[in-house]
Chemist: 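Encoded as structure tokens, here's the structure I'll be asking about.
By convention in this document, chain letters (A, B, ...) are assigned in the order of the sequence lines, proteins followed by strands, and residues within each chain are numbered from 1.
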Amino acid sequence: MSDDVRVRFAPSPTGYLHIGGARTALFNYLFARHHNGKFILRIEDTDRSRSTDEYIEAIIDGMKWLNLDYDEGPFRQTGRTELYRQYVNRLLEEGRAYYCYCSAEELESKRKLAAAAGKPPRYDGTCRDLKNPAVEIKPVVRFKMPQSGSTVVDDLIKGKIVYENSVFDDFIIMRSDDTPTYNFVVVVDDLEMGITHIIRGDDHLNNTPKQMHIYEAFDHTPPKFAHLPMILGSDKARLSKRHGATSVQAYREMGYLPEALLNYLVRLGWSHSDQEIFSKAELIEKFSLEHVGSSAAVFNPEKLLWMNGEYMKAKSPAELRQFLEFYKANLKLPGFNSSGTAHNIPPAITFSDVKATMPHMTASGTRGPVESNTQMEPINLDKTWEEKAIKTLQERSRTIVELANSMHYYIEEDVAIDEKAGKKFLTSETKPYLTALIERLTALEDFTSKEIEAVFMGLMAEFNVQLGKIAQPARVAITGNTVSPGIFEVIELVGKERTIKRLQKALRSIL
RNA sequence: GUCCCCAUCGUCUAGUCCGGCCCAGGACAUCGGCCUUUCACGUCGGUAACACGGGUUCGAAUCCCGUUGGGGACGCCA
């Protein structure tokens, strides 16, 4: 039974792939992989006016970036109207559906009337048994819902839900322009594609009984349903743009790693006792619908940031360098000449954008954007050297953007010295240390962190001071700030020439 | 308005199905200590929750009913 599982992710291309959609896709993906089934991508583009190719592209790109590979698809609905038409005709012939000639205006006023009377706004069935149609009006097709009894949805997550059939009306399955509507199309497509489990957001819960009756009209047992709780913003309202970034693309641009995003998302609603970090293989092995909670979850960017940091530490420098390429091409990073190939990514975001969307990124301990727009010589980055540099930075960077940001003092010819840091550490008191340091480093043949450390040790003994006394001024002079990886390694990576140049410049600023 | 769903620390959650091991565990955030030859990292610890009211039971976070609160759906959108 397990290899029969077929699930699908069916986004409508009316926007970018967003966080909620990504989680739905992920749960479907994990369910399929866990059961050795098939995962299908289907684009719900029946709404011709709001669907755009750009969004379809973006959704596919997002899936690719997240590494949610599908076995079939992407399928689209445009061009399949003939198929839907056939299904509608069958219903019509069997008397399970009928033409309705009511105008949109009439319906609207009926809805208003019902609402005013405190009744659910439903279609009153005027045309249900109509004998003499008003031919001059192009009709819609409505599906005959049962008028008495009840319908039970046995949801894998929510449990048994009972609906009184009296709350339903005969809903439209085909518009007057001959295009089918969503509630009908999903059923036909899911049926055609042999979908066994429908895993989707619980905003679709109330559509389920309607769809179940369509399955029945086609003599089909409905698939199993699993309705995922929603993801909310910090104010517990449905997650939207005003809560900040909501598209997967935006998180990519802010320097998040796909695995980290996925790992964070899976914990919104699903759990495996106390475990927080899961490899993909673990997720596939452990995922089960039984452990999906039933209440909505608030999206918490801080925890995502933490989790991304964990993944930053775990990645190899080589992998991280790959990710960095994306930002070199798409961001105007100080120190990177932006000659990278242009990706098909919307407008490159700037650091101030990042700052605006992620307020916590400017919190203490996080290096803010470098404002200078200094035009420097393009530096040819040696891979080995670059990976070495990344290695020193990765454990203290929570995002790729932070990492890229910190790279500037390795790459640029010169650094701008933070005013506060300079004032505190580049003083007449520290001047002798710097002077001596320049002297020793200049004389140093073997410019390695080990030898550099020895230099500092010697100076400590000579001046009889703690390492901090010498290291901090040096750090400020060389990196421009008080926070950086171990100073010996930094000096080695910056190299002899630039190190000495920066130290000398700092020295001059003291005068 | 009508229908549906939901309800454990600020947030994500474990525990709820099969009541006792829970005066409620973990994680993020936050606060404090420790470590340290540099910045960081790290590490140890603290604050903090079963929405409320009724039942059922020897015993309820766990079962039942109600209240309140939140969310969703009610379209010739998906």
Chemist: Identify the nucleotide, in any strand shown, that forms a Watson-Crick or G-U wobble pair with B/rU62, with both distances under 3.5 Å; if there is none, say none.
Modeler: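 Base partner found: none.
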Chemist: Does the A/R267 side chain pair with the main chain of A/W270, one donor and one acceptor, at a distance under 3.5 Å?
Modeler: yes
Chemist: Using the C1' atom in both, what is the distance from B/rU36 to B/rA29, to the nearest Å?
Modeler: 26 Å
Chemist: Identify, between A/E310 and A/A104, the residue whose nearest nucleotide on RNA chain B lies closer to the 5' end.
Modeler: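 Checking each residue's closest nucleotide, the 5'-ward one belongs to A/E310.
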Chemist: Whole angstroms only, please: what is the CD1-P distance between A/I478 and B/rU38?
Modeler: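 Between P of B/rU38 and CD1 of A/I478: 17 Å.
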Chemist: In whole angstrom, give me the gap between the P atoms of B/rU11 and B/rU37.
Modeler: 42 Å
Chemist: Using the C1' atom in both, what is the distance from B/rC21 to B/rA60, to the nearest Å?
Modeler: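 After rounding to an integer number of Å, I get 15 Å for this pair.
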Chemist: Going by atom types only, do A/Q211 and A/N183 share a side-chain donor-acceptor pair under 3.5 Å?
Modeler: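 The criterion, which ignores hydrogens and geometry beyond distance, is satisfied for A/N183 and A/Q211.
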Chemist: Do any side-chain nitrogens or oxygens of A/R238 fall under 4.0 Å of OP1 or OP2 in B/rA73?
Modeler: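 For B/rA73, OP1 or OP2 has a side-chain N or O of A/R238 closer than 4.0 Å.
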Chemist: At under 4.0 Å between heavy atoms, how does the protein contact nucleotides 25-32 of chain B? Give one character per nucleotide, 5' to 3', with B, S or -.
Modeler: BBBSS---
Chemist: Please check this pair: side chain of A/R498 against backbone of A/I411, looking for a donor-acceptor N/O pair closer than 3.5 Å.
Modeler: yes
Chemist: Ignoring backbone atoms, test whether A/S271 places a side-chain nitrogen or oxygen under 4.0 Å from the OP1 or OP2 oxygen of B/rA14.
Modeler: yes
Chemist: If each of A/R23 and A/C100 is mapped to the nucleotide of RNA chain B with the nearest heavy atom, which maps nearer the 5' terminus, i.e. the 5' end?
Modeler: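 Looking at the nearest nucleotide for each, A/R23 comes out on the 5' side.
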Chemist: Taking NZ, NE, NH1 and NH2 as the nitrogens, is one of them in A/K110 or A/D169 under 4.0 Å from a carboxylate oxygen of the other?
Modeler: no
Chemist: Would you measure the distance from the P atom in B/rC41 across to the matching atom in B/rC23 and give it in whole Å?
Modeler: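 Pairwise P distance, B/rC41 against B/rC23, rounds to 36 Å.
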Chemist: Can you tell me how far P in B/rC44 sits from the matching atom in B/rC4, rounded to whole Å?
Modeler: 50 Å
Chemist: Looking only at side-chain N and O atoms, does A/R111 come under 4.0 Å of OP1 or OP2 in B/rC76?
Modeler: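 Result: yes.
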Chemist: Could you check whether any side-chain N or O of A/H408 sits under 3.5 Å from a backbone N or O of A/N405, counting only pairs where one atom can act as donor and the other as acceptor?
Modeler: yes
Chemist: In this structure, how many angstroms lie between the P atom of B/rG75 and the CD1 atom of A/I172, rounded?
Modeler: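 Interatomic distance, CD1 of A/I172 to P of B/rG75: 9 Å.
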Chemist: Just wondering, do A/K286 and A/L30 contact through their side chains at under 4.5 Å, heavy atoms?
Modeler: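 A side-chain contact is absent here, since even the closest heavy-atom pair is not under 4.5 Å.
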Chemist: Is the distance from OP1 or OP2 of B/rU37 to the nearest side-chain N or O of A/K469 less than 4.0 Å?
Modeler: no
Chemist: When you compare B/rC52 with B/rU57, how far apart are their P atoms, in angstrom units rounded to a whole number?
Modeler: 23 Å
Chemist: Nearest 0.5 Å, please: how far is OG in A/S484 from CD in A/E489?
Modeler: 10.0 Å
Chemist: Rounding to a whole Å, what distance do you find between A/M230:CE and B/rU11:C1'?
Modeler: 19 Å
Chemist: So among A/K224, A/H227, A/K160, which one has a side-chain hydrogen bond (donor to acceptor under 3.5 Å, both in side chains) with A/D155?
Modeler: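 Per the side-chain hydrogen bond (donor to acceptor under 3.5 Å, both in side chains) rule, the option paired with A/D155 is A/H227, out of A/K224, A/H227, A/K160.
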Chemist: For the residue pair A/P13 and A/D45, what are the closest heavy atoms and their distance?
Modeler: CG-CB, 3.9 Å
Chemist: Grab the CG-P distance between A/L228 and B/rU13 for me, whole Å please.
Modeler: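 Taking atom P of B/rU13 as the reference, CG of A/L228 is at 11 Å.
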Chemist: Between A/R80 and A/D189, is there a salt bridge with N-O shorter than 4.0 Å?
Modeler: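 Looking at A/D189 and A/R80, the cut-off is met.
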Chemist: What's the NZ-P distance between A/K210 and B/rA78, to the nearest Å?
Modeler: 12 Å
Chemist: Can you tell me the base-pairing partner of B/rA7? Count Watson-Crick or G-U wobble geometry only, both distances below 3.5 Å, and say none if there is no partner.
Modeler: B/rU68
Chemist: In whole Å, measure the gap between the C1' atoms of B/rU2 and B/rA48 for me.
Modeler: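 Result for the C1' pair: 40 Å, nearest Å.
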Chemist: Quick one: look up who B/rC18 pairs with, Watson-Crick or G-U, both distances under 3.5 Å, and put none if it's unpaired.
Modeler: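 WC or wobble partner does not exist here.
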Chemist: For every nucleotide of nucleotides 2-7 of chain B, 5' to 3': is a protein heavy atom under 4.0 Å from its base (B), only from its sugar-phosphate (S), or from neither (-)?
Modeler: S-SSSS
Chemist: Between B/rG75 atom P and A/D177 atom CG, what is the distance in whole Å?
Modeler: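 Spelled out: CG on A/D177 to P on B/rG75 is 18 Å.
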Chemist: Test for a donor-acceptor pair under 3.5 Å between the base of B/rA78 and the side chain of A/N207, counting only N and O atoms.
Modeler: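 In this structure, the two groups form a donor-acceptor pair.
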Chemist: Verify the contact: side-chain N or O of A/R200 to OP1 or OP2 of B/rG72, cut-off strictly under 4.0 Å; return yes or no.
Modeler: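 For B/rG72, neither OP1 nor OP2 has a side-chain N or O of A/R200 closer than 4.0 Å.
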Chemist: Let me know the distance between CD of A/E395 and P of B/rG42, rounded to the nearest Å.
Modeler: 8 Å
Chemist: Determine which nucleotide pairs with B/rU2, using a 3.5 Å limit on both distances of a Watson-Crick or G-U wobble pair.
Modeler: B/rA73
Chemist: With both distances under 3.5 Å as the test, what is the Watson-Crick or G-U wobble partner of B/rU30?
Modeler: B/rG46
Chemist: Nearest-Å distance, OH (A/Y123) to P (B/rG75)?
Modeler: 14 Å
Chemist: Using the six-membered ring wherever Trp is involved, compare the ring planes of A/F171 and A/F143 and label them parallel, tilted or perpendicular (cut-offs 30° and 60°).
Modeler: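 Rings of A/F171 and A/F143: tilted, as their planes differ by 30° to 60°.
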